[in-house]
Amino acid sequence: MEKYISMVLLIFPLLVFGQAEVLKGVVLDKATKAPLEGVVIYIDGTTTGTVTNASGAFILDLENQPRDAQVTIAYLGYESIYLKTSSVLPDDVLSVQMEKKLEELDPVFLQNDDWSREKKLNYFRAYFIGNKKDQKTCKILNEDAIRLYYNYGEQTLYASANVPINIKNDQLGYNIVYNLVSFEIKFNRGENVKGFYVAGTSYFKAFDEESKALNKRRQNAYKGSRLHFMRSLATGTLDQNKFDVYHKGLKTEVDRVFKVEKEPGFAKVYPLQKRTTVLFKNKHRTDLIFNVNDHFLIDGLGNFSDTEKILFNGEMTNQKVARLLPLDYGL
């Protein structure tokens with residue numbers, strides 16, 4: 001049985017690049033109106049971020065960022081806030097009021113969950129971080145915050161977290177703050193994985209100094225990735241970047257599978273076939289299924305919108321968090 005998988009960041013269409021701007025504001029506790037120090041404000045999926053000072057104030061540099069970028073405001077013990085930069089006027093100074101999360105008890109399920117926590121964690125690590133080799137160099141620092149539940153009737157493993165997941169990726173030299181929104185692994189009989197879905201927002205911060213070895217590892221993670229593929233598709237450089245497109249088992253021209261309309265700062269892509277196979281360097285295979293009744297957008301970073309319209313199976317699904325790069329990598 002075919003296994004189609006989706007692992008996405010909750011980043012919405014980013015349309016038009018604008019001139020250099022900054023986002024200014026102050027973050028307060030909603031109830032007490034006291035300033036909150038150490039709140040993280042970031043552009044999802046990128047290395048662009050900042051933290052509030054002792055007065056709760058922040059300035060986020062938006063230079064070279066899309067005008068419609070999504071900003072996440074996150075703080076331990078408080079509900080995260082999401083806003084679009086397009087909703088803020090250039091001279092605005094935001095007053096952001098964060099609300100404390102309600103204390104939640106572990107949910108009571110009608111069905112017994114007879115899987116051990118270690119068994120569930122093993123599946124979570126494999127489908128969130130990556131394989132055993134990846135797990136040696138990419139670690140979750142606060143695994144205790146992850147709640148896991150296996151629903152026997154649905155044959156589905158669910159995961160959630162009330163606080164951001166903190167990840168240290170020694171292989172690629174990034175600390176990652178990941179706000180997990182959704183995580184599911186669906187099984188067939190015999191605990192064979194049918195498919196999985198991961199969604200969330202992330203902020204990358206490099207902790208390692210640039211070196212040839214580090215740059216090579218990042219390049220290896222980038223080559224053939226979904227980010228590399230989407231950037232190449234948007235810019236018409238699939239052939240140049242060693243991506244070949246196949247339809248019904250036969251190599252074909254890109255314009256027989258995709259119609260790409262380039263606009264300032266983004267590309268509009270119309271899939272012309274429901275199923276497509278992509279090979280990178282003639283060996284790394286990924287199968288894709290599209291909703292051919294609609295288009296999707298790819299912005300200047302390589303982020304693509306409407307992720308539910310595209311299902312992946314193959315090499316690109318193996319590139320989980322351990323091989324994940326920020327959207328502004330290489331730009």
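Note that the structure is a prediction, hence the values are computed from the model and not measured. Below, all heavy atoms of this structure are taken into account, side chains as well, without hydrogens, waters or symmetry copies.
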*Asks:* Using a 3.5 Å distance criterion without hydrogens, assess whether the side chain of Asp113 forms a donor-acceptor pair with backbone atoms of Tyr150.
*Replies:* yes

*Asks:* Can you tell me how far the CG atom of Leu279 sits from the NZ atom of Lys242, to the nearest 0.5 Å?
*Replies:* 13.5 Å

*Asks:* How close do Ser55 and Pro35 get, counting heavy atoms only, and between which atoms?
*Replies:* O-CB, 3.3 Å

*Asks:* In plain terms, say whether Glu210 and Arg218 are close enough for a salt bridge, that is, a side-chain N and a carboxylate O under 4.0 Å apart.
*Replies:* yes

*Asks:* Salt-bridged, Asp134 to Lys136, with N to O below 4.0 Å?
*Replies:* no

*Asks:* Verify the ring-centre separation between Phe258 and Tyr270: is it less than 6.0 angstrom?
*Replies:* no

*Asks:* State, with a plain yes or no, whether a side-chain heavy atom of Leu23 is found less than 4.5 Å away from one of Val71.
*Replies:* yes

*Asks:* Verify, without hydrogens or angle tests, whether Arg231 (side chain) and Leu301 (backbone) share a donor-acceptor contact under 3.5 angstrom.
*Replies:* yes

*Asks:* Determine, step by step, whether Val260 and Leu233 satisfy the side-chain contact (heavy atoms from CB on, under 4.5 Å) criterion, reporting the C-alpha distance in whole Å, the side-chain angles of both residues, the deciding distance to 0.1 Å, and the verdict.
*Replies:* CA-CA 8 Å; Val260 181; Leu233 178 59; 4.0 Å; yes

*Asks:* Kindly indicate whether the side chain of Arg285, heavy atoms from C-beta on, has any atom under 4.5 Å from the side chain of Thr277.
*Replies:* yes

*Asks:* Does one hydrophobic cluster hold both Val93 and Val96, with members joined at side-chain heavy-atom distances below 4.5 Å?
*Replies:* no

*Asks:* Taking the side chain as every heavy atom from C-beta outward, state whether Leu60 and Thr48 have any pair of such atoms under 4.5 Å apart.
*Replies:* yes

*Asks:* To the nearest 0.5 Å, how far apart are CG in Asn166 and CG in Asn175?
*Replies:* 8.5 Å

*Asks:* Does a side-chain heavy-atom distance below 4.5 Å link Lys120 with Asn122?
*Replies:* no

*Asks:* As an exercise, state the distance from OG of Ser225 to CD of Glu315, rounded to the nearest 0.5 Å.
*Replies:* 10.0 Å

*Asks:* Can Asp29 and Tyr78 be counted as having a side-chain donor-acceptor contact under 3.5 angstrom?
*Replies:* yes

*Asks:* Of Tyr152, Trp115, Phe196, which meets ring pair (Phe, Tyr, Trp, His ring centres under 6.0 Å) against Phe187?
*Replies:* Trp115

*Asks:* Set out, in order, the CA-CA distance, both residues' side-chain angles and the distance that settles side-chain contact (heavy atoms from CB on, under 4.5 Å) for Asn142 and Ile165, then state yes or no.
*Replies:* CA-CA 6 Å; Asn142 57 338; Ile165 298 173; 4.0 Å; yes

*Asks:* Starting from the C-alpha separation in whole Å, work towards a yes-or-no answer on side-chain contact (heavy atoms from CB on, under 4.5 Å) for Leu148 and Arg117.
*Replies:* CA-CA 7 Å; Leu148 299 154; Arg117 178 168 175 81; 3.8 Å; yes

*Asks:* Please test Lys281 against Asp244 for salt bridge (charged side-chain N to carboxylate O under 4.0 Å, His left out), starting from the C-alpha separation and ending with a verdict.
*Replies:* CA-CA 8 Å; Lys281 290 188 174 180; Asp244 293 318; over 6 Å; no

*Asks:* Have Thr137 and Asp170 got a donor and an acceptor in their side chains that come within less than 3.5 Å?
*Replies:* no

*Asks:* Is it true that a side-chain atom of Asn151 and a backbone atom of Gln155 form a donor plus acceptor pair closer than 3.5 Å?
*Replies:* no

*Asks:* In terms of heavy-atom contacts, does CD of Glu209 have more than 12 from other residues, nucleotides or ligands at under 6.0 Å?
*Replies:* no

*Asks:* In terms of relative ring orientation, are Phe128 and Phe124 parallel, tilted or perpendicular, with 30° and 60° separating the classes?
*Replies:* parallel

*Asks:* Taking atom CG of Asn53 and atom CG of Leu36, what is their separation to the nearest 0.5 Å?
*Replies:* 11.5 Å

*Asks:* Roughly how far, to the nearest 0.5 Å, is the CZ atom of Arg226 from the CD1 atom of Ile310?
*Replies:* 10.0 Å

*Asks:* As an exercise, state the distance from CG of Asp255 to OG1 of Thr252, rounded to the nearest 0.5 Å.
*Replies:* 7.5 Å

*Asks:* Measure the shortest side-chain to side-chain distance between Phe304 and Met230 over non-hydrogen atoms and say whether it is less than 4.5 angstrom.
*Replies:* yes

*Asks:* Using the six-membered ring of Phe58, assess whether NZ or CZ of Lys24 lies under 6.0 Å from its centre and within 45 degrees of the ring axis.
*Replies:* no

*Asks:* Heavy-atom distance under 4.5 Å between the side chains of Val269 and Ile298, does that happen here?
*Replies:* yes

*Asks:* Would you call Glu261 and Lys259 a salt bridge, taking side-chain N to carboxylate O under 4.0 Å as the test?
*Replies:* yes

*Asks:* Taking the ring centre of each residue, are Phe243 and Phe229 less than 6.0 Å apart?
*Replies:* yes

*Asks:* Which heavy atom in Ile167 sits nearest to a heavy atom in Ile129, and how many Å separate them?
*Replies:* CG2-CD1, 4.3 Å

*Asks:* For a side-chain hydrogen bond (donor to acceptor under 3.5 Å, both in side chains) with Tyr42, tell me which candidate from Thr47, Thr201, Thr50 qualifies.
*Replies:* Thr201

*Asks:* Please tell me whether Val26 and Ile41 are part of a single hydrophobic cluster in this structure, the criterion being side-chain heavy atoms less than 4.5 Å apart.
*Replies:* no

*Asks:* Does a salt bridge link Arg275 with Asp287, judged by any charged N lying under 4.0 Å from a carboxylate O?
*Replies:* no

*Asks:* Of all heavy-atom pairs between Ser95 and Leu28, which one has the smallest distance, and what is that distance?
*Replies:* OG-CD1, 4.1 Å

*Asks:* Do Tyr329 and Tyr222 have their ring centres less than 6.0 Å from each other?
*Replies:* yes

*Asks:* In sequence, state the C-alpha distance, the side-chain angles, and the governing distance for Val40 and Tyr75, and then conclude on side-chain contact (heavy atoms from CB on, under 4.5 Å).
*Replies:* CA-CA 6 Å; Val40 182; Tyr75 193 54; over 6 Å; no

*Asks:* Could you tell me whether Glu143 and Arg125 have a side-chain N and a carboxylate O separated by less than 4.0 Å?
*Replies:* yes

*Asks:* Which pair of non-hydrogen atoms, one from Ala199 and one from Tyr178, has the smallest distance, and what is that distance?
*Replies:* C-OH, 3.7 Å

*Asks:* Should Val245 and Lys251 count as side-chain neighbours, where that means a heavy-atom distance under 4.5 Å?
*Replies:* no

*Asks:* Salt-bridged, Glu191 to Lys119, with N to O below 4.0 Å?
*Replies:* yes

*Asks:* Identify the two heavy atoms, one from Pro164 and one from Val177, that lie closest to each other, and give their separation to 0.1 Å.
*Replies:* CB-CG1, 3.6 Å

*Asks:* For Phe296 versus Pro271, what's the shortest heavy-atom pair and its separation?
*Replies:* CE2-CG, 3.9 Å

*Asks:* Should we count CD of Glu118 as having more than 12 external heavy atoms under 6.0 Å?
*Replies:* yes

*Asks:* Is a donor from one side chain sitting under 3.5 angstrom from an acceptor on the other, for Asp44 and Thr72?
*Replies:* yes

*Asks:* Got Glu79 and Ile81 here, is their nearest side-chain heavy-atom distance under 4.5 Å?
*Replies:* no

